[in-house]
Amino acid sequence: MTMPSLYIPHGGGPCFFMDDPQGMWTGMERFLRDLPGLLPERPRAILIVTGHWETEGFRLTGTVRPDLIFDYHGFPEHTYRLRYPAPGDPALAERAAALLRNAGLAAGVDLDRGLDHGAFVPLMIAFPDADIPVVEMSLDRGLDPLLAAQAGAALQPLRDEGVLIVGAGMSFHNMQAYRQAGAADPSRLFDDWLGAAVEGPAEGRAERLAGWAEAPAGRYAHPREEHLLPLMVVAGASQGPGKKIYGEPVLGTMISGFRFD
C-alpha cells in the first residue's frame, strides 16, 4: 500500500501542551489528531523533515532512540519535560541516504542528533503512542526549492515501503506579522496562490512551487523560507495530485496543510 506524503503545520513551539483559553490551537490540534484516519494503513515508519535542521547536503537521524531537542525559548517549565520515546530506524536512515546519494545528492547519517520540536510536537499529537519509528531529515542549508524537490523525488520509493514522508513547517511564517491586523489579507493572498500551485497539474509542480518568492505576498509570508521548504520535499516525493486538507486562520494569518497521493 502506497503512503501519501503530507505537509503539516507544527504549531508554535509547544503550543498544544499549554493552556489555550481562546482556543487558538484547537483546530490545528484536531487536524493533527485526525491525521492517522487519512492514511490507507498504519505507517511502518515516519520520515519527517522540518525547518529546524539545516546542514551541508542532507542528513538523517540514525540513532536507535532519538532524544528530543527543545529548540524553543521562553515557554513554561513543564514544556521542557515533554517526552516522545519513539524509536529511531537506523536502517531507514541508511536507506534514505543511499537513495539521495544515488540521485546525485550529498547525504549522510547523523548518529547523535535527536528530534527537534518541529518533529516531535506534531507527532506527539498525531501518533501519541510513540510506537512508530521516526527518522528526521535535514534541509540543505542552501534552501534551494528545486533541490528540495529533487530530494523528495529520490525518496519516493519509500512510500511503497510503508514509510510516511512528512514535511512539518508553517505555510505562513512571518514571526513579526502574527497577530497583526494587517497580516490577514496578504496571508490569504499567498495561501490562495499556494493552494493553486499545489492543486494544479503534477507536471511542472516543482517549478511552480519554486517560484514562491514571486507569488503574491510571497516574501511577506516567508521572510526566510525554511518553514516552506519541507513542502517542496513532500511534493517532490509524489507524481500524483496535491490536495489542501487543512486551512484556518491562526494568529491572524491563514495556515494550510496539504496531501500528495
Side-chain angles (χ1 to χ4, degrees), residues 1-8 32 34-50 53 57-64 66 86-110 115 119 122-123 126-127 129-140 145-169 197-209 229-246 257-261:
M1 186 74 70
T2 301
M3 284 286 164
S5 57
L6 304 174
Y7 176 69
I8 63 172
L32 293 172
D34 290 345
L35 271 184
L38 300 179
L39 305 179
E41 62 185 14
R42 172 186 164 91
R44 177 184 71 78
I46 297 169
L47 190 155
I48 187 166
V49 54
T50 84
W53 187 20
F58 298 94
R59 305 285 287 176
L60 297 111
T61 56
T63 56
V64 174
D89 190 335
L92 173 59
E94 294 286 356
R95 165 89 170 123
L99 287 170
L100 292 165
R101 288 193 295 266
N102 289 343
L105 305 177
V109 175
D110 190 314
L115 306 177
L123 292 180
F127 301 98
D129 293 337
D131 57 353
I132 298 175
V134 177
V135 170
E136 183 172 345
M137 187 177 88
S138 69
L139 294 171
D140 177 85
L146 289 176
L147 186 66
Q150 291 170 27
L155 297 173
Q156 185 172 347
L158 298 178
R159 296 176 51 211
D160 293 323
E161 300 169 15
V163 177
L164 177 64
I165 300 176
V166 177
V198 165
E199 294 184 335
E203 183 177 356
R205 184 168 58 210
E207 289 75 18
R208 288 197 305 276
L209 289 172
L229 265 289
L231 171 62
M232 315 306 182
V233 176
V234 298
S238 169
Q239 295 177 352
K243 180 181 179 181
K244 186 173 181 175
I245 55 173
Y246 167 77
F258 301 97
R259 170 188 174 127
F260 301 87
D261 289 314

Distance, nearest 0.5 Å, that separates [atom1] of [X] from [atom2] of [Y]:
X	Y	atom1	atom2	result
Leu39	Leu164	CG	CG	5.5 Å
Leu6	Phe258	CG	CZ	12.0 Å
Met3	Ile165	CE	CD1	11.0 Å
Leu229	Asp140	CG	CG	9.0 Å
Leu155	Leu60	CG	CG	7.5 Å

Among residues at least two apart in sequence or on other chains, which ones pass side-chain hydrogen bond (donor to acceptor under 3.5 Å, both in side chains) with [X]?
X	answer
Thr50	Asp116, Glu136
Thr63	none
Asp129	none

Which heavy atom of [X] sits nearest to which heavy atom of [Y], and what is that distance?
X	Y	result
Gly88	Pro90	C-CD, 3.8 Å
Ala206	Leu146	O-CD2, 3.7 Å
Val198	Lys243	CG1-N, 4.0 Å
Gly167	Pro230	CA-CB, 3.7 Å
Met137	Leu100	SD-CD1, 4.0 Å
Pro66	Pro87	CD-C, 3.9 Å

Test ring-ring contact (aromatic ring centres under 6.0 Å, His included) applied to Tyr246 - qualifying residues, sequence neighbours left out: Phe31

Stepwise side-chain contact (heavy atoms from CB on, under 4.5 Å) check, Leu139 with Met232: CA-CA 11 Å; Leu139 294 171; Met232 315 306 182; over 6 Å; no

Within-4.5 Å side-chain heavy-atom neighbours: Phe58 and Val233: no

Flag side-chain contact, heavy atom, 4.5 Å: Leu231 against Phe260: yes

Hey, is the main chain of [Y] close enough, under 3.5 Å, to the side chain of [X] for a donor-acceptor pair?
X	Y	result
Thr61	Val135	no
Arg59	Val109	yes
Arg42	Pro36	no

Salt bridge (charged side-chain N to carboxylate O under 4.0 Å, His left out) partners for Arg101, two or more places apart: none

Residue pairs, two or more places apart or on separate chains, that pass side-chain hydrogen bond (donor to acceptor under 3.5 Å, both in side chains) and touch residues 151-162: Thr2-Asp160, Arg95-Glu161

Working for salt bridge (Lys or Arg N to Asp or Glu O under 4.0 Å), residues Arg44 and Asp89: CA-CA 10 Å; Arg44 177 184 71 78; Asp89 190 335; 3.4 Å; yes

